[in-house]
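So the structure is just underneath, and the comments pick up after that.
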Amino acid sequence: MRADIITLLPQIFEKVFDESVLGSAVKNGLINIVLHQFRDYGDGRHKTVDDTPFGGGPGMVFKPSPLVNCIRDVRKLDVPAPVIGLTPQGVPLNQNLVKELAEFDRIILVCGRYEGFDERIIHEFDFQLSIGDYVLTGGEIAAMAVIDAVSRMIPGTVGCRESVVQDSFYEGVLDHPQYTRPSNWEGLEVPSVLQEGNHALINKFRRSRSLLTTAVSRPDILASTDLSDSDKEIFQNLISPED
Ligand code: ADE
């Protein structure tokens, strides 16, 4: 996948895309990140990209022309791609949307700053995306989050496919808890079923922990998850245990 990022701060991405899982994905050619400094499209000698808001108020607003000219040029550089504005007003990012974004050969992410974009450029976006109900100082950290989550869905990025499929949210439930040695740490025992090696029982235990955690912590996502018959049986057992 190719991800084009339009930003005033291209330098802050370098470290993130250099290291760890994302760094290897970039090195292995699984993801190609292309950064675009849109100040190059700014007006006049000072390459101005922002101005005060009409009607008054705090902060600065991105002028329409520099950003739109940059978006239009970036669109033309490669295969067609959705242009995604990162804003707190956007559709909330979730794992389903992450999976859908991972299907594209290319995405274009536009990072805002200041008080936002001039409203008249909004039609240049195919849609706007938010990474949560809080306001960041700009879209750069949101773009990093989007690329991090999307690249995990690209086969080969995360070493073990099974680990992605078991992710929290992947199948509409949170991940089960994990334990490692020692089996007794500060008096806290690892559940015995995990130490006994019966894989059918281990799977059942993990699934029931996933379902229980999701029901307690995120009943909203559980409500929209299709539960299998064995999931329903697990819930039934939690309500009225067999023995
Ligand atoms: N820019 C500022 N806040 C944001 C958010 N919550 N999500 C995406 N982009 C943003």
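Whatever order the structure lists ligands and atoms in, that order sets their numbers, starting from 1.
A salt bridge is defined here as a Lys NZ or Arg NE, NH1 or NH2 lying under 4.0 Å from an Asp or Glu carboxylate O, and K76 with D73 meets this definition.
Within the 4.5 Å cutoff, side-chain heavy atoms of I131 are placed close to those of V146.
Protein residues with a heavy atom under 4.0 Å from ligand 1 are L86, T87, P88, L129, S130, I131, G132, Y134, V135, L136, G138, A142.
Of all heavy-atom pairs between R75 and A81, the closest is NH1-O, 3.8 Å.
Formation of a donor-acceptor pair under 3.5 Å by the N69 side chain with backbone atoms of S65 is found in this model.
Ring-plane geometry between F38 and F62 is classed as perpendicular, the angle between the planes exceeding 60 degrees on a 0 to 90 degree scale with a lower cut at 30.
Contacts of F17 classified as ring pair (Phe, Tyr, Trp, His ring centres under 6.0 Å), with partners at least two apart in sequence or in another chain: F13.
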